[in-house]
Asker: 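First the structure, which I've put down as structure tokens, then a few questions once you've had a look.
Ligands are counted one by one from 1 in listed order, and the atoms in each one are counted from 1 as well. Positions are given from 1, in the same order as the sequence printed here. The shown structure was predicted, so the numbers you read here are calculated from the model rather than taken from an experiment.
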Amino acid sequence: MTLSTSPPREFKCLVVEDSTMMRELLVFALSRIPQIRVTEANNGLDGLRKLTTGTFDILLTDINMPIMDGLKLVKRVRTDSVHKNMPIIVISTESAEEDRQRALALGANAYIIKPIQATQVIAKVRELLGLKA
Ligand SMILES: [Mg+2]
């Protein structure tokens, strides 16, 4: 048996959220996954711009944001040649089943309702990245 000498893989995560406090909560939660490197954006358009700077492994996005909302962002990402298969977690205050269905229909992989629980966010990100707990 040989041991791998390659360094552990890093995963790039984009967090798109207009509330600074909420964004900090998400970044803090994600800091408990050592392999994750987080980039932050404060609306959908800012998120799209950040996506053009490299390749990302997962996207977490709020829905209600100025300039471009999260659902429009999901729609745009799913038609982007580089990121169309990237896992997306939508995080929203909307608890209506209709909103969840809409997000999933647009291509989101998961839907988390605020207030968030760090453990739930971490578990979902790990699951979608195929990381063991
Ligand atoms: Mg918001």
Asker: Are any side-chain N or O atoms of D57 and backbone N or O atoms of K12, one a donor and one an acceptor, separated by less than 3.5 Å?
Answerer: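 It does hold such a pair.
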
Asker: Run the side chain to side chain contact (heavy atoms under 4.5 Å, CB included) test against E10 and tell me which residues pass, sequence neighbours left out.
Answerer: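 So E10 forms a side chain to side chain contact (heavy atoms under 4.5 Å, CB included) with R37.
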
Asker: Looking only at atom types and distance, does a side-chain atom of D46 sit under 3.5 Å from a main-chain N or O of N42, one as donor and one as acceptor?
Answerer: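 Indeed, once roles are kept as given, a pair shorter than 3.5 Å links the two residues.
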
Asker: With sequence neighbours left out, write down each residue that passes side chain to side chain contact (heavy atoms under 4.5 Å, CB included) with T53, or none if nothing qualifies.
Answerer: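 For T53, the residues satisfying side chain to side chain contact (heavy atoms under 4.5 Å, CB included) (neighbours in sequence not counted) are F56.
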
Asker: Does CZ belonging to R76 count more than 12 external heavy atoms closer than 6.0 Å?
Answerer: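 No.
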
Asker: Using the side chain to side chain contact (heavy atoms under 4.5 Å, CB included) criterion, which residues pair with Q101? Sequence neighbours excluded.
Answerer: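 Testing Q101 for side chain to side chain contact (heavy atoms under 4.5 Å, CB included), a comparison that skips the adjacent residues, returns E97.
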
Asker: Suppose the cut-off is 2.8 Å; which protein N/O/S atoms would you list for the Mg ion (ligand 1)?
Answerer: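 Near the Mg ion (ligand 1), below 2.8 Å, one finds D18 OD1, D62 OD2, N64 O.
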
